[in-house]
Amino acid sequence: MSTVEFNNIISKLLLDYRILAPVCLEGKGTFSGTDLVTYGDIERIQDVVFDRKTVYSAKEVVFPPNETMFYFTEEEFKQPSVDQKGILVFARPCDINAFRRLDAIYLESGPYPDPYYLQLREKLKFVLMECDHGFKNCFCTSTGTNETGDFSLLIRTEEDQIFCLINDAGLEDLISESLASNSMRKVDLQPRFVQRNKTRLQIPDKLDNSLFAHPLWQEYASRCTGCGRCNFSCPTCSCFTMQDVFYRDNPNCGERRRVWASCMIEGYTEMAGGQEVRKTQGERMRFKVMHKFSDFKKRFGFHMCVGCGRCDNVCPEYISLPRCVEKLQEINNGGVS
Amino acid sequence: MAQNPYLPHKVKILSIKRQTKIDYTFKLESSIKPDNGQFVEVSLPKIGECPISVSDFGDGWIEMTIRRVGRVTNVLHDLKEGDGMFIRGPYGNGFPLQKYKNKHIVIAAGGTGLAPVKSVVNYFYDRLDLVKQLNLLTGFKSPEDVLFKDELEKWSKDFNVIVTVDQGNKDWTGDVGLITEYVKDMDFSNPEEVEVIVVGPPMMMKFTVQEFLKLGVPEENITVSFERKMCCGIGKCGHCKIDDTYVCLEGPVFNYTKAMELID
Ligand SMILES: Cc1cc2nc3c(=O)[nH]c(=O)nc-3n(C[C@H](O)[C@H](O)[C@H](O)COP(=O)(O)OP(=O)(O)OC[C@H]3O[C@@H](n4cnc5c(N)ncnc54)[C@H](O)[C@@H]3O)c2cc1C
Ligand code: SF4
Ligand code: SF4
Ligand code: FES
């Protein structure tokens with residue numbers, strides 16, 4: 001169908017859904033004059049950036065960087081109300097797979113599902129964006145997260161034609177009405193997934209405590225600045241800290257929030273009396289790598305990292321996560337001492 | 001919204017007892033039924049939230065012993081009887097009381113580490129016939145830091161209680177020196193029958209456990225309790241994680257065979 005026809009469908013969907021996709025914020029990049037490709041609301045298909053990877057992931061849709069959990073009034077707690085609309089998110093296979101990782105923590109870890117995450121997650125539907133080729137630092141084929149069947153809609157754009165595969169009964173009803181009235185062509189559409197990335201690695205089967213004392217980590221102690229950007233850009237990082245605030249104009253009222261936390265930033269483990277475990281960036285790097293490629297899997301049965309490469313893309317010190325894992329594999333093979 | 005485990009409920013302060021200048025014991029009206037060694041998340045709206053062990057409990061009440069060290073705990077110390085604070089929980093696991101039956105029990109607690117085990121001591125104090133022997137070894141920095149003085153006095157009438165301070169003063173007539181020194185002096189005819197609980201600051205735990213191991217107490221007979229930064233208590237926020245273990249879920253109480261493998 002044509003762009004115009006597809007935009008009519010979007011207008012229709014917008015009545016029931018919030019639609020988020022990679023968008024380009026001009027001039028908002030890290031360096032002056034550069035753009036920031038990130039997630040934002042869209043109203044037409046031309047708003048969607050298909051040919052670049054977002055700096056931040058789509059996780060904020062279900063796990064906002066700063067989320068009000070409840071408001072306090074003098075004697076009462078009040079939970080914020082949520083938008084009744086569904087949420088459609090344009091996402092690549094790795095990003096869709098990343099939500100499965102967040103589900104593990106938020107819905108399956110511990111005795112209770114997280115109600116804030118759950119109420120947003122239940123509304124979430126994915127619009128699969130295919131990748132023609134891997135982007136810089138992508139290694140999804142190594143983490144086995146380059147494919148997914150979990151999508152409601154597949155959108156492929158070719159010239160000014162839009163192809164779409166509907167994989168969701170609810171959306172089918174909505175969309176087929178518009179389809180009937182249009183000059184649409186039926187084609188056979190199969191999702192295409194990237195099968196090769198420039199960056200490839202073998203994830204060691206065995207990463208254990210014996211690697212903790214290895215001098216490898218010291219390299220990161222001096223290079224890593226502990227800025228936490230690797231965590232904040234990661235679609236699978238799920239940690240948060242609680243924060244209470246009160247309002248200046250009415251100190252009797254306030255709110256409890258949760259905000260993104262980073263295991264790479266000082267203070268993550270700090271307790272009363274200034275006691276802290278993992279004081280060096282080397283130890284923090286080790287903790288992060290072990291979590292992504294070993295600890296999480298021991299608990300949930302699959303690796304946490306989905307190979308999106310964002311952490312490498314954003315690191316100001318050019319620290320590479322896959323390179324680190326590669327070195328661990330070399331150590332396991334007796335290569336690096 | 002589904003049931004919200006982050007929403008705390010208000011509990012009334014029944015009484016406050018000043019143990020030291022910076023440690024107060026709060027007795028609260030509450031119907032929660034914790035296990036011995038579990039903790040709750042305590043909060044004050046607009047200030048914040050923090051994990052605190054339940055130091056004792058009974059029908060319709062729980063007790064917490066809170067040290068004033070920062071944002072939340074400072075303000076908690078300003079509260080009065082009849083005021084309220086907010087709690088959610090209990091969380092984590094407790095001490096395996098069944099395992100201690102008919103055993104020779106030694107509880108070694110350093111400083112505020114006595115709080116999470118106080119209810120265990122009381123449990124066996126009320127049921128001394130359940131165990132072969134009960135020993136309590138507690139160490140504090142100075143005589144001013146001694147917690148639960150009344151209880152220590154009461155307990156010492158019925159079983160062996162050692163209270164030692166790192167540094168005494170002119171009025172202190174009790175023991176002086178580190179806990180480890182007193183562990184060395186213990187004499188177990190059958191170390192296999194000894195069950196040990198060690199709770200306190202990390203260094204104290206490390207060296208105290210070593211002394212018990214030297215005496216031949218098997219690793220699996222040692223139980224420890226960990227403290228880590230915690231923001232949720234229910235396995236989500238990530239702060240308390242060590243390897244693939246969440247201290248708020250699988251701990252804070254660990255058998256030493258597990259604890260020795262947990263490297264931060
Ligand atoms: C399972 C468990 C059980 C516990 N049981 C008890 C108990 O029974 N009794 C008890 O008293 N405590 C207990 N604690 C410890 C208690 O949770 C802490 O003392 C409490 O969190 C302190 O909270 P706060 O808001 O008062 O202090 P905070 O204001 O959070 O800070 C405490 C200290 O942390 C440091 N700090 C915090 N933030 C910063 C920062 N941004 N920059 C620099 N330094 C900082 C400072 O040194 C400060 O003094 C327990 C902890 C755990 C995990
Ligand atoms: S660890 Fe890095 S590569 Fe892996 S999912 Fe997170 S941001 Fe992507
Ligand atoms: S982005 Fe790079 S420098 Fe910043 S915390 Fe992560 S590894 Fe360290
Ligand atoms: S305290 Fe949040 S995960 Fe354990």
Side-chain angles (χ1 to χ4, degrees), chain A residues 69-75 77 79 81-82 105-106 108-119 208-209 212 237-247 251-256 258 261 263 267-273 275-278 283 287 290-291 294-300, chain B residues 1-10 41 43-51 66-73 75 84 86 88-89 91-92 111-112 201-203 226-250 260-264:
Chain A
M69 306 183 81
F70 37 85
Y71 299 98
F72 319 117
T73 55
E74 310 260 323
E75 276 298 310
F77 295 129
Q79 297 178 61
S81 55
V82 286
I105 299 281
Y106 281 108
E108 293 157 30
S109 176
Y112 314 99
D114 186 281
Y116 299 96
Y117 180 86
L118 182 63
Q119 69 179 358
D208 59 27
N209 292 359
F212 282 25
C237 274
S238 55
C239 294
F240 61 84
T241 303
M242 306 268 242
Q243 236 171 42
D244 278 20
V245 292
F246 60 89
Y247 307 135
N252 288 323
C253 297
E255 58 191 78
R256 182 160 298 164
R258 67 173 168 205
C263 61
Y268 180 77
T269 64
E270 188 172 88
M271 290 177 295
Q275 263 188 61
E276 185 166 25
V277 298
R278 297 190 299 277
E283 291 167 294
F287 180 79
M290 293 297 289
H291 186 39
S294 172
D295 301 346
F296 182 92
K297 185 174 182 182
K298 281 196 243 164
R299 247 185 130 83
F300 302 107
Chain B
M1 187 185 272
Q3 183 213 7
N4 187 345
Y6 297 103
L7 269 186
H9 60 272
K10 194 172 188 172
E41 285 285 344
S43 65
L44 287 168
K46 299 173 294 240
I47 315 287
E49 193 169 48
C50 62
I66 302 175
R67 171 162 290 194
R68 184 169 68 227
V69 294
R71 227 171 33 245
V72 182
T73 50
V75 185
F86 291 82
R88 56 186 179 90
Y91 298 129
T112 46
M203 281 302 145
F226 276 11
E227 234 182 67
R228 285 296 177 279
K229 172 151 179 124
M230 295 183 179
C231 286
C232 73
I234 54 175
K236 315 283 188 201
C237 76
H239 292 271
C240 72
K241 191 181 93 78
I242 312 175
D243 302 351
D244 64 331
T245 299
Y246 287 79
V247 176
C248 68
L249 300 176
E250 283 93 44
M260 62 196 257
E261 285 172 359
L262 296 176
I263 306 173
D264 286 289

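Every chain is numbered from 1 and lettered A, B, ... according to where its sequence line falls, protein lines coming before strand lines. For clarity, every value in this text was computed on a predicted model and none was experimentally measured.
Both the backbone and the side chain of Asp114(A) have a heavy atom closer than 4.5 Å to some heavy atom of chain B. Looking at Tyr112(A), the atoms closer than 4.5 Å to chain B (heavy atoms on both sides) sit in the backbone and in the side chain alike. Neither the backbone nor the side chain of Glu255(A) comes within contact range of chain B, judged by heavy atoms closer than 4.5 Å. Within the 4.5 angstrom heavy-atom criterion, no atom of Thr73(B) approaches chain A. Residue contact with chain B, scored on non-hydrogen atoms closer than 4.5 Å, involves the backbone and the side chain of Met242(A) alike.
Contact tally against chain B (heavy-atom pairs below 4.5 Å) for Cys263(A), Ala261(A), Ser81(A), Cys253(A): the top residue is Cys253(A).
Residues Arg256(A) and Glu49(B) meet the side-chain proximity criterion, which asks for heavy atoms closer than 4.5 Å. Side-chain atoms of Asp264(B) and Glu283(A), non-hydrogen and from C-beta on, never get closer than 4.5 Å to each other. Two residues are said to be in side-chain contact when any heavy atoms from C-beta on lie closer than 4.5 Å; Ser109(A) and Lys241(B) fail this criterion.
Between Tyr6(B) and Tyr116(A), the two ring planes are tilted [angle within 30° to 60°].
Taking Lys297(A) as the reference, His303(A) meet the side chain to side chain contact (heavy atoms under 4.5 Å, CB included) condition, with sequence neighbours excluded. The ring-ring contact (aromatic ring centres under 6.0 Å, His included) search around Phe72(A) returns Phe70(A), Phe77(A), not counting sequence neighbours.
In this structure, the side chain of His291(A) does not engage the main chain of Asp244(B) through any donor-acceptor pair within 3.5 Å. Within the 3.5 Å criterion, the main-chain N or O of Tyr106(A) finds a donor-acceptor partner in the side chain of Lys236(B). With hydrogens and angles ignored, the 3.5 Å screen pairs a side-chain donor or acceptor of Asn209(A) with a backbone N or O of Glu261(B).
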